[in-house]
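First the structure, in the form of structure tokens, and then the observations on it.
Quick note: residue numbers are just sequence positions, from 1.
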Amino acid sequence: GEDARNLVKALTDSGAKDNPKEAFNELYPLSSFSSAFKTLSGKVGLAGPIKGTGEARIFFETNFLDSLVYFLSKHGDSFDDFVDNCFENLGVIVGKPSTFDLYDLERLQILAGRIADVEECLDVAHESMRLRLVRSGLAKEFSDGYTIMVRNEL
């Protein structure tokens, strides 16, 4: 849609393809999220139980998801590569990155502030995101479960 095209244009104009992390930090400084973070997480994405109870969920507005795929993957990249790129380039956790270590898990456990199996939540988020990408046409799943990214030019 138009919102996705506007976001892609802003990111392209800022040089996001050369250095996505720096471009996102420049366009969207952390201080700008302080008052709108909860609203943004509801619209863009939230993983984990709502208010600490219930089933873990992940939700991404399709416009934002299209932009993530466009900037962080190439056509034919594996889903796991996409998850790693989201984490390494933007610090966005959309699944279980292969580079996650014990230190990262401990930090997430502290941030969760409740008794939760962070590793299990990451596994659930990983599968939820994979299925969301397949359903939205941004990824293709093969019969053995292997999933690749399908990137269409916007």
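A side-chain contact (heavy atoms from CB on, under 4.5 Å) with Phe100 holds for exactly one of Val83, Leu122, Asp84; it is Leu122. Thr147 pairs in a side chain to side chain donor-acceptor pair (under 3.5 Å) with only one of the listed residues (Lys140, Arg130, Glu141), which is Arg130.
In this structure, Asp77 and Ser73 approach most closely via the heavy-atom pair OD2-CA, 3.5 Å.
The structure places CE of Met149 at 12.0 Å from NZ of Lys74, a figure rounded to the nearest 0.5 Å. Rounding to the nearest 0.5 Å gives a distance of 9.5 Å between CD of Glu127 and CG of Asp123. Atom CG of Leu131 is separated from atom OG of Ser136 by 10.5 Å, given to the nearest 0.5 angstrom.
Under the side chain to side chain contact (heavy atoms under 4.5 Å, CB included) criterion, Tyr103 pairs with Asp101, Arg107, sequence neighbours left out. Considering only residues two or more places apart in sequence or on other chains, Glu88 meets the salt bridge (Lys or Arg N to Asp or Glu O under 4.0 Å) condition with none of them.
Using a 4.5 Å heavy-atom threshold, the side chains of His126 and Asp80 count as touching. Asn85 places none of its side-chain heavy atoms less than 4.5 Å from the side chain of Phe71. Considering only heavy atoms from C-beta on, Phe87 comes within 4.5 Å of Ile93 through its side chain. Between Leu68 and Leu138 the shortest side-chain heavy-atom distance does not fall below 4.5 Å. Between Phe82 and Val94, the closest side-chain pair of non-hydrogen atoms falls below 4.5 Å.
Both Val92 and Leu133 sit in one connected hydrophobic cluster of ILVMFWY residues. Membership requires side-chain heavy atoms under 4.5 Å apart, directly or through other members. The hydrophobic cluster containing Val134 does not contain Leu72, counting ILVMFWY residues as joined when their side-chain heavy atoms lie under 4.5 angstrom apart, directly or transitively.
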